[in-house]
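Shown next, in structure tokens, is the structure this report addresses.
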Amino acid sequence: MLTEKDLKQLSERNIAENQVIQQVAQLKRSTKYVELIRPASIGDGILRMDDERVGMMTAVFEADKEFYQFTKFVPASGAASRMFKDLFAFIESGEETPFTDIFFAHIQSFAFFCDLNEATKKLYGSDLAAMLQQGRKVDLVKALLEPEGLAYGKLPKALLKFHHYADFDRLALEEHLFEAAQYATDNENVAKLHFTVSPEHETMFKKTVNALKNSYEENYNVRYDIGFSCQKPSTDTVAIDANGELFRETDGKILFRPGGHGALIENLNDLGEEIVFVKNIDNIVPENKAKTTVIYKKVLAGLLLHLQQHAFEYLELLDEGFVTDEELQEITNFAKEELMIEIPDFVNDYNEIEKIDYLYNKLNRPMRVCGMVKNEGEPGGGPFWVKNDDDEVSLQIIESSQIDHKNAAQEAIFQASTHFNPVDLVCGCWNYKGEAFNLKDYVDANTGFISNKSKDGRELRALELPGLWNGAMADWITVFVEVPITTFNPVKTVNDLLKPMHNVLP
């Protein structure tokens, strides 16, 4: 039952009453797991390119990019607290672990070393060397993480120093500025970037970008068009308590929780951009190690442009309605072989009008080309063939949380996956008429994830929206391409910055 106060609270967040009712109903059901058919693999859902094809797709991109609008979309919301989880635990316990041993042994290798050295001098009157010698490691970590020092535990990853060069250090954000200048420019040399940020960090983001922008424009001969947006309050989700009722705060207000990165489909949709590169904030390397990354960004984009051009030609033909049997077969083959769309056998029994309508609807959707790396044990999603609610089979990026691991057959398919999703996407968001798709029309709302949590000592069931590259893009045309493992270098913990690919030196 929603009260007048509840309805006012919904109105302030621009949330419809029906939205809450649907979320509560979803929370009362058990998690709806996907039905895996088989893992996508090389030759069966994942394309492997030889050097010749890499060269061809790069050439397509270079030749055609002047006719398109490109934007680099970087989810950069939230603080980097999880990156320092082990160090926060060390502050609490004071107990050293193999993780902290590595951190302290290589502390001079971090790009933030000089800043931290100055912070300890200011706070404690001792430099890092003296702090280590005195065994004041807890104080040293506090100087890194807490607000009185560098406040790295509260800052977003984008604003942390990631890489140490000979004469300067670079924030994660700066490496994205460099990357965008290499492949996300238009015919007037304007590089467009869009960062999703948390409201509390937006001012800091803008101040940092304004301070850096001019020097990067001079160094890379580009002009930057940089935008920011925050996750909308309208995408927050409700929770239910142990009795299946709306979970409320102690003051009686409905508890709303952030809906997860799937909420960002709204931000992407609002951009209305034509071709969008999507890449996580922490998956970057120093400039001198970015060559392969830049090449494969162009390869993925070139393949998208190539496939989209053919799809648009076929859509115009289908739209006219005068299509020969040979042309229908050609379009069907293109959908199956190039776009990796499984066409059910029953389509063979359709008459001409039904086939035209079916193929038109299959081709007239947003398209994404997704890089996939060989699975080397990283946690996260992977590429699978999945049965949809309409009993058709499609390619999807599936997270572990979407799978019923108690089902032995499903678990076996999950474990047989050979590739991993590094969040390396190039998205075509306009249709063949040059109009922006409404991306919200292609979300599978049933793929939201339900988890058991607690607040103020009370249990609750929480709903996370379908992930941005999972259920939020479930009904997109999806093409998977194998990319080199060297293009995947995420920073999940602070010690990941010590890995060779994050070291500026060869």
Which atom pair, heavy atoms only, marks the closest approach of [X] to [Y]?
X: V197; Y: F228; result: CG1-CD2, 4.0 Å
X: F162; Y: K157; result: CE1-O, 3.8 Å
X: M372; Y: N421; result: SD-CA, 3.7 Å
X: A239; Y: A462; result: CB-CA, 4.3 Å
X: H176; Y: K72; result: ND1-CE, 3.1 Å
X: K279; Y: T293; result: NZ-CG2, 3.5 Å

Below 4.5 Å, heavy atoms only, C-beta onward: do [X] and [Y] meet side chain to side chain?
X: K232; Y: N14; answer: no
X: V347; Y: Y350; answer: yes
X: F99; Y: T493; answer: yes
X: I398; Y: N470; answer: no
X: M340; Y: L47; answer: yes
X: V141; Y: E146; answer: no
X: L246; Y: L2; answer: yes
X: V423; Y: L468; answer: no

Exercise for review: Can you tell me which residue pairs pass the salt bridge (charged side-chain N to carboxylate O under 4.0 Å, His left out) test with a partner in residues 9-24, sequence neighbours excluded?
Suggested key: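 Output for this query lists R13-D236.
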Review point. Got a sec, which pairs hit salt bridge (charged side-chain N to carboxylate O under 4.0 Å, His left out) with one end in residues 77-104, sequence neighbours left out?
Key: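 Every pair satisfying salt bridge (charged side-chain N to carboxylate O under 4.0 Å, His left out) with a residue in residues 77-104: E96-K137.
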For [Y], does its backbone N or O pair with a side-chain atom of [X] as donor and acceptor, under 3.5 Å?
X: T3; Y: D6; value: yes
X: Q19; Y: L10; value: no
X: T100; Y: T97; value: yes
X: T237; Y: L463; value: yes
X: Y152; Y: A80; value: no
X: N269; Y: I265; value: no
X: D282; Y: V491; value: yes
X: E342; Y: S394; value: no
X: E174; Y: L171; value: yes
X: N407; Y: Q410; value: yes

Point to revise | Among V481, L304, V479, side chain to side chain contact (heavy atoms under 4.5 Å, CB included) partner for V426 | key: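 Checked V481, L304, V479 against V426; only one passes side chain to side chain contact (heavy atoms under 4.5 Å, CB included): L304.
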Review point. Between R136 and Y124, is NZ or CZ placed under 6.0 angstrom from the six-membered ring centre and within 45° of the ring axis?
Key: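 Yes, cation above the ring, under 6.0 Å and within 45°.
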Review point. Are L116 and M131 close enough, and set up right, to give a side-chain contact (heavy atoms from CB on, under 4.5 Å), and what steps lead you there?
Key: CA-CA 11 Å; L116 183 57; M131 297 283 289; over 6 Å; no
Salt-bridge criterion met for [X] and [Y] (N-O under 4.0 Å):
X: K8; Y: E4; answer: no
X: K32; Y: D389; answer: yes
X: D251; Y: K5; answer: no
X: D241; Y: R458; answer: no

Mind checking the [atom1]-[atom2] spacing from [X] to [Y]? Nearest 0.5 Å is all I need.
X: R461; Y: L27; atom1: CZ; atom2: CG; answer: 6.5 Å
X: K142; Y: L144; atom1: NZ; atom2: CG; answer: 13.5 Å
X: Q415; Y: N375; atom1: CD; atom2: CG; answer: 9.0 Å
X: L145; Y: F90; atom1: CG; atom2: CZ; answer: 11.0 Å
X: C429; Y: I275; atom1: SG; atom2: CD1; answer: 7.0 Å
X: E464; Y: H261; atom1: CD; atom2: NE2; answer: 6.5 Å

Point to revise | From CA spacing to verdict: side-chain contact (heavy atoms from CB on, under 4.5 Å), F277, K192 | key: CA-CA 10 Å; F277 295 92; K192 293 184 78 171; over 6 Å; no
Does a side chain donor of either [X] or [Y] reach within less than 3.5 Å of an acceptor in the other side chain?
X: R368; Y: T478; answer: yes
X: T196; Y: N267; answer: no
X: E392; Y: N388; answer: no

Review point. Does the side-chain contact (heavy atoms from CB on, under 4.5 Å) test come out yes or no for L212 and Y224, once each step is laid out?
Key: CA-CA 11 Å; L212 295 168; Y224 289 102; over 6 Å; no
Exercise for review: Report the relative orientation of the aromatic rings in F414 and F384; use parallel for angles under 30°, tilted for 30 to 60°, perpendicular for over 60°.
Suggested key: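 Aromatic pair F414/F384 classed parallel.
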Exercise for review: Test L128 against L140 for side-chain contact (heavy atoms from CB on, under 4.5 Å), laying out the working first.
Suggested key: CA-CA 7 Å; L128 278 178; L140 187 158; 3.2 Å; yes
Review point. Should the heavy atoms of other residues, nucleotides or ligands under 6.0 Å from CD of E200 be counted, would the total exceed 12?
Key: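 Counting neighbours around CD of E200, more than 12 heavy atoms of other residues, nucleotides or ligands fall under 6.0 Å, so yes.
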Practice item. Among H106, H164, H163, find the one that has a ring-ring contact (aromatic ring centres under 6.0 Å, His included) with H502. Key: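 The single option meeting the ring-ring contact (aromatic ring centres under 6.0 Å, His included) with H502 is H163.
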